[in-house]
Amino acid sequence: GAAPASPQPRDAESGGAEQVWSDCLRVQLHPKSLYVVRQFMHDGDCDVLEAFGQGESLLRDPGCAEELEDRLRFYAEECDFLQGFQVLCDLHSGFSGVGAKATELLHDEYSGKGILSWGLAPGRSDAARLESPPLPQDCQKNLYRVMNTALGIVRLSAHSSLLCPLSLSGSLGVR
């Protein structure tokens, strides 16, 4: 028989037209593994998911919450012995609100199962430390980062068995 072809990056198949991060993966994910938030895509109605409350409100929407529950149930039913969940989410953006609401849902639906949450924050680059004084819009972004990180840590830890914040800098990505 012929040797199996090595996996090709999806961007090679699509002619370099990446739209989301998963387009660059070398493996195909199950369709129920990804949930695209249309209003916060690059070509969506809004530019970024900037605030904790924006992310949290996404999962307050009954349609979105029901879709997430269906996808979770699909995978949970496939398990022979479900021991728990791992949740990875950005702390510095509005996705901290999405992660907090998702862990709350997991905690409510699967009580007794472990939830290990990883709160991810960007590292600071050397260029960021050497820049001139921050501009006013940078101060506002920094305020959002601080608030998102604080709210994310509090709310994720309330519904997780263990929360482990991860960053390459000692400041959790806050400048």
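A quick note: this is a predicted structure, and the numbers were derived from the prediction, not measured.
- In this structure, Y75 and K32 approach most closely via the heavy-atom pair CE1-O, 3.8 Å.
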Do R155 and E104 pass the salt bridge (Lys or Arg N to Asp or Glu O under 4.0 Å) test, and can you show the C-alpha distance, the side-chain angles, and the key distance before you say yes or no? CA-CA 8 Å; R155 296 287 303 280; E104 183 180 340; 3.2 Å; yes
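- Grouping the Ile, Leu, Val, Met, Phe, Trp and Tyr side chains by contacts below 4.5 angstrom, directly or via other members, places I115 with Y110.
- Considering only heavy atoms from C-beta on, K113 stays 4.5 Å or farther from Q83 through its side chain.
- Grouping the Ile, Leu, Val, Met, Phe, Trp and Tyr side chains by contacts below 4.5 angstrom, directly or via other members, places L68 with L106.
- What you find for C89 and S96 is that their closest heavy atoms are SG-CA, 4.4 Å.
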Report the C-alpha distance between Q54 and F52 in whole Å, list the side-chain angles of each, state the deciding distance to 0.1 Å, and finish with yes or no for side-chain contact (heavy atoms from CB on, under 4.5 Å). CA-CA 5 Å; Q54 284 178 307; F52 182 91; over 6 Å; no
Between E69 and R73, is the salt bridge (Lys or Arg N to Asp or Glu O under 4.0 Å) condition met? List the steps. CA-CA 6 Å; E69 286 177 31; R73 198 171 297 111; 3.8 Å; yes
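- A centroid separation of 6.0 Å or more is found between the aromatic rings of Y144 and H92.
- Within 6.0 Å of the CD atom in E109, the count of heavy atoms belonging to other residues, nucleotides or ligands exceeds 12.
- The two residues A102 and L59 have their closest heavy-atom pair at N-CD1, 3.6 Å.
- By the 4.5 Å heavy-atom criterion applied to side chains, L163 and T103 are not counted as neighbours.
- Among all heavy-atom pairs drawn from L49 and G55, the shortest one is CD1-N, 3.8 Å.
- Linking Ile, Leu, Val, Met, Phe, Trp and Tyr whenever their side-chain heavy atoms come within less than 4.5 Å leaves L151 and V98 in two separate clusters.
- Nearest heavy atom pair, residue P165 against residue L91, reads CB-CD1, 4.3 Å.
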Does the pair L72 and L105 meet the rule for a side-chain contact (heavy atoms from CB on, under 4.5 Å), with working shown? CA-CA 10 Å; L72 285 170; L105 173 91; 3.6 Å; yes
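- Minimum interatomic distance between A76 and L82 (heavy atoms only, all atoms of both residues): CB-CD2, 4.2 Å.
- Cluster annotation: L116 is connected to L88 through the hydrophobic network of ILVMFWY side chains, with a link wherever side-chain heavy atoms come within less than 4.5 Å.
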